[in-house]
Amino acid sequence: MDEEKDLTPQDSEEEFVEEKNKNGKLVLIFIVCFVAVFCAVYFGIQAYLSHIAGPETTTVTTTQAPSAQTVIENPVDFASLIEGNDEIYAYIVIDDTNVNYPIVQSGVDDEFYLHRAAEDKSYLPQGAIFTESCNHKNFSDPVTLIYGHNNYGDTMFTTLHYFEDSDFFDSHPYFYIYTPERRLTYQVISAFKYDDRHIMNYNKNFTDLTLVDDFQAEVLNPGSAVKNVREELDVPIDRHSKIVVLSTCVTNQKNNRYLVCGVLTKDEKTD
């Protein structure tokens, strides 16, 4: 029979503490190993799912203020013009011509400005540059007609006839209309001789879109022998286009008119 080991109380307590520490270390090692294995498995699964799902697309919603519109200088002193005549509402400029005038529209008589000055409504044989009440004054109509006399020296719309020259036509593709708050740029589509029909009345003020189509076709390909046409335009012509027609007489041809037709290509805010 083996000799029984003699243990004192102190020896028993030390062995108990040592055994407890040993067990604690084993538990800690087990926990660390478990966490490591779990993390490896978890991130491995996530990597696999990400791979088979393809590149991740992230949508970010932001609130952005609209970009500021470029503001250009307005060279027209509308305040002074309107002080002289409150029916002045726009101003037309064509480079290298004498067309540099206010545009008016009478509130009572479409023919008022045939022989009245735009600046103060006083009598003036050559009249003013004007539109009729069938057109809005914001140039929003499919077709806006602007009238001016011919053959009063080089005043009013006489120098529109410069566009009969093909070189001048080619080198002057734009004209400009200013309002108190906007500059409207029109590209000249064509310039040609036309008959004396009242375009707005004849086409029922273009309330019928079929008539808009027909007139646009005429502007793009005039039937006149006296014409110049721009082959390439900055914008396509469609039913949303805003066309301005400048109309004047033809010297010694009572039944004819000369038209310069432009389409709106740019609408800019002015200061």
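Sequential numbering from 1 along the given sequence is applied to the chain's residues.
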Item checked: Residues E132 and H198: side-chain donor-acceptor under 3.5 angstrom -> yes
Margin query: I need the full list of ring pair (Phe, Tyr, Trp, His ring centres under 6.0 Å) pairs touching residues 229-255, with sequence neighbours left out, sorted by first then second residue.
Written below: none
Next item on the list: Look at the aromatic rings of Y194 and F215 and report parallel, tilted or perpendicular, splitting at 30° and 60°.
Entry: perpendicular
Notebook entry, point to check: Any salt bridge between K121 and E87, counting N to O under 4.0 Å?
Noted result: yes
Next item on the list: State, yes or no, whether a side-chain contact exists between V212 and D214 at a heavy-atom distance under 4.5 Å.
Entry: no
Next item on the list: Please tell me if the side chains of I243 and T144 come closer than 4.5 Å, counting only heavy atoms from C-beta onward.
Entry: no
Check: Going by an N to O cut-off under 4.0 Å, is there a salt bridge joining R239 and D213?
Finding: yes
Notebook entry, point to check: Do any N or O atoms from the side chain of N100 and from the backbone of V93 form a donor-acceptor pair under 3.5 angstrom?
Noted result: no
Next item on the list: Compare every heavy atom of P102 with every heavy atom of A118, then report the nearest pair and how far apart it is.
Entry: CB-CG, 3.9 Å
Next item on the list: Sequence neighbours left out, what passes ring-ring contact (aromatic ring centres under 6.0 Å, His included) with F139? Give chain and number order.
Entry: Y89
Item checked: Distance flag, aromatic centroids of H161 and Y258, threshold under 6.0 Å -> yes
Item checked: Between N85 and Y113: side-chain donor-acceptor atoms closer than 3.5 Å -> yes
Check: Does any N or O in the side chain of N228 come within less than 3.5 Å of the main-chain N or O of F169, such that one atom is a donor and the other an acceptor?
Finding: no
Next item on the list: Please examine the side chains of I103 and T131, heavy atoms only from C-beta on, and report whether any two atoms are closer than 4.5 Å.
Entry: yes
Margin query: With heavy-atom distances below 4.5 Å as the criterion, would you say the side chains of T248 and L246 are in contact?
Written below: no
Checklist line | I88 to L81 - nearest heavy-atom pair and separation | finding: CD1-O, 3.6 Å
Check: Any luck finding a side-chain donor-acceptor pair between N74 and Y91 under 3.5 Å?
Finding: no
Notebook entry, point to check: Can you find a heavy atom in the side chain of D195 that is under 4.5 Å from one in the side chain of R257?
Noted result: no
Notebook entry, point to check: Between D77 and S80, is there a donor-acceptor pair closer than 3.5 Å when you use the side chain of the first and the backbone of the second?
Noted result: yes
Notebook entry, point to check: Do side-chain atoms of Y101 reach the backbone of M156 as a donor and acceptor pair under 3.5 angstrom?
Noted result: yes
Margin query: Any non-hydrogen side-chain atom of L145 less than 4.5 Å from a side-chain atom of N135?
Written below: yes
Notebook entry, point to check: Regarding N205 and T207, is there a side-chain donor-to-acceptor distance under 3.5 Å anywhere?
Noted result: no
Item checked: Shortest non-hydrogen contact between Q105 and S133, atoms and distance -> OE1-CA, 3.6 Å
Item checked: Test: R182 and D267 ion pair at under 4.0 Å -> yes
Item checked: Nearest heavy-atom neighbours spanning T158 and G153 -> CG2-O, 3.3 Å
Next item on the list: Might you confirm whether atom CD of E111 has over 12 heavy atoms from other residues, nucleotides or ligands at distances under 6.0 Å?
Entry: no
Margin query: Are the side chains of V188 and F175 in contact, using a 4.5 Å heavy-atom criterion?
Written below: yes
Next item on the list: May I ask you to check whether Y176 and Y186 place their ring centres under 6.0 Å from each other?
Entry: no
Notebook entry, point to check: Backbone N or O of F192 within a donor-acceptor pair of the E164 side chain at under 3.5 Å?
Noted result: no
Item checked: Donor-acceptor side-chain pairing of Q187 and K266 below 3.5 angstrom -> no
Checklist line | Neighbour count above 12 (heavy atom, 6.0 Å) for N252 CG | finding: no
Checklist line | Residue pair T251 / N150, side-chain donor-acceptor N/O under 3.5 Å | finding: yes
Note to self: Please give me the minimum heavy-atom distance between A90 and I177, naming the atom from each residue.
What the structure shows: CB-CG2, 4.0 Å
Next item on the list: With the side chain counted from C-beta on, respond yes when F112 and V104 share a heavy-atom pair under 4.5 Å apart, and no when they do not.
Entry: no
Note to self: Is the distance from the ring center of H172 to that of F168 below 6.0 Å?
What the structure shows: yes
